[in-house]
Amino acid sequence: MQIIFENSDFVIFNKPAGLNFHSEDDEAGFVVLATRQLNLPQLYSVHRLDKMTSGLIILAKSSEIANNFSKMFENREIQKFYLAISLRKPKKKQGWIKADMSSSRRGSYKLLQTKDNPAITQFLSSALRVGERFFLVKPHTGKTHQIRVALKSIGSPIAGDIRYANADEAKKEDRGYLHAYALKFCLNDEEFSFTCQPTEGKRFVSQEAKEQLKTWDKPWDIF
């Protein structure tokens with residue numbers, strides 16, 4: 001798997017789409033594969049990506065660094081940015097989605113009308129090819145399936161998302177079109193920022209998508 005960055009404290013991989021984060025049914029997951037690739041006794045997960053989601057993910061090399069990252073995520077000190085493509089036009093082109101989330105049927109989640117402990121998602125979007133809408137998304141909280149549920153709530157479920165989009169339509173896609181695009185944080189008084197363009201998926205690698213990404217090359221300056 002592609003290593004984006006590595007030092008003595010942590011490593012950042014570009015996780016492939018379609019790979020489980022944890023091992024399931026005797027099939028090695030991302031963390032196990034990453035540990036084998038680096039030939040280390042252990043790596044520590046500090047956040048996760050859904051199976052369909054590709055892109056940047058941090059693994060710590062010690063429990064101490066893992067605890068530091070966990071506190072940073074908890075305190076919202078790590079900026080995360082995602083890319084998504086939908087085949088549906090959103091109810092609004094940019095803005096915020098704020099609402100509580102609760103579990104729904106068969107492992108899915110849904111937004112509620114309340115805002116007691118809301119999932120907070122900021123986004124903007126741009127038209128790509130006919131029928132495609134490109135999203136740059138910044139989640140301000142880390143709820144399970146947050147971006148997938150948020151985009152569905154504005155009428156733009158993610159292309160290829162069998163759980164939240166039209167299942168028959170989604171199965172025709174070559175992947176689920178959600179990608180962890182950028183990270184920015186400060187660790188031990190050193191500032192880090194990373195971007196990683198998607199390399200999988202016909203829609204993500206289209207010329208139109210590549211041109212749009214030129215204007216989103218520093219997403220922390222946009223939001």
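Along the sequence shown, residues carry numbers from 1.
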Chemist: For the side chain of Thr121 and the backbone of Ile147, is there at least one donor-acceptor N/O pair under 3.5 Å apart?
Modeler: no

Chemist: Is the Trp216-Phe134 ring centre distance short of 6.0 angstrom?
Modeler: yes

Chemist: Determine, using ring centers only, whether Phe5 and Phe10 are less than 6.0 Å apart.
Modeler: yes

Chemist: Please name the pair of heavy atoms, one in Ala180 and one in Thr53, separated by the smallest distance, quoted to 0.1 Å.
Modeler: N-CG2, 4.1 Å

Chemist: Determine, step by step, whether Ile12 and Ile57 satisfy the side-chain contact (heavy atoms from CB on, under 4.5 Å) criterion, reporting the C-alpha distance in whole Å, the side-chain angles of both residues, the deciding distance to 0.1 Å, and the verdict.
Modeler: CA-CA 5 Å; Ile12 296 183; Ile57 193 156; over 6 Å; no

Chemist: Check for me whether Arg175 meets the cation-pi criterion with Tyr177, that is, NZ or CZ under 6.0 Å from the six-membered ring centre and within 45 degrees of the ring axis.
Modeler: yes

Chemist: Go through it in stages, so that I can follow the logic: the residues are Gln42 and Thr35, the test is side-chain hydrogen bond (donor to acceptor under 3.5 Å, both in side chains), and I'd like the CA-CA distance, side-chain angles, deciding distance and then a yes or no.
Modeler: CA-CA 6 Å; Gln42 187 172 0; Thr35 304; over 6 Å; no

Chemist: Any heavy-atom pair between the side chains of Glu173 and Arg203 that's under 4.5 Å?
Modeler: yes

Chemist: Under 6.0 Å between ring centres, would you say that holds for Phe223 and Phe123?
Modeler: no

Chemist: Between Gln212 and Ser126, is any side-chain donor less than 3.5 angstrom from a side-chain acceptor?
Modeler: yes

Chemist: Identify the heavy atoms of Pro198 and His179 that sit nearest to each other, and give their distance.
Modeler: N-NE2, 3.5 Å

Chemist: Treating Asn166 as the side-chain partner and Asp168 as the backbone partner, does any N or O pair qualify as donor plus acceptor under 3.5 Å?
Modeler: yes

Chemist: Do Asp174 side-chain atoms and Lys202 backbone N/O form a donor-acceptor pair below 3.5 Å?
Modeler: yes

Chemist: Strictly under 6.0 Å, is that where the ring centroids of Tyr164 and His145 end up?
Modeler: yes

Chemist: Can a salt bridge be assigned to the pair Glu169 and Arg88 using a cut-off of 4.0 Å between side-chain N and carboxylate O?
Modeler: yes

Chemist: Could you tell me which non-hydrogen atom of Arg163 sits nearest to which non-hydrogen atom of Gly107, and how far apart they are?
Modeler: NH1-C, 3.2 Å

Chemist: Within the distance-only criterion (no hydrogens, no angle test), does the side chain of Gln37 pair as donor or acceptor with the backbone N or O of Ala34 below 3.5 angstrom?
Modeler: no

Chemist: For the rings on Phe185 and Phe69, is their centre-to-centre separation under 6.0 Å?
Modeler: yes

Chemist: Please lay out, stage by stage, how Lys171 and Ile162 fare under the test side-chain contact (heavy atoms from CB on, under 4.5 Å).
Modeler: CA-CA 7 Å; Lys171 289 176 182 177; Ile162 295 174; 4.0 Å; yes

Chemist: Any side-chain donor paired with an acceptor under 3.5 Å for Ser125 and Gln94?
Modeler: no

Chemist: State whether Glu211 and Lys214 are salt-bridged, where the test is any N-O pair (Lys NZ or Arg NE/NH1/NH2 against Asp/Glu carboxylate O) under 4.0 Å.
Modeler: yes

Chemist: What are the two closest heavy atoms between Ala150 and Ile97, and how far apart are they?
Modeler: O-CD1, 3.3 Å

Chemist: For a quick test of reading the model, state the closest non-hydrogen atom pair linking Asp217 to Tyr181 and the distance between them.
Modeler: CA-OH, 3.5 Å

Chemist: Please report the closest heavy-atom contact between Gly18 and Lys15, naming both atoms and the distance.
Modeler: N-NZ, 4.4 Å

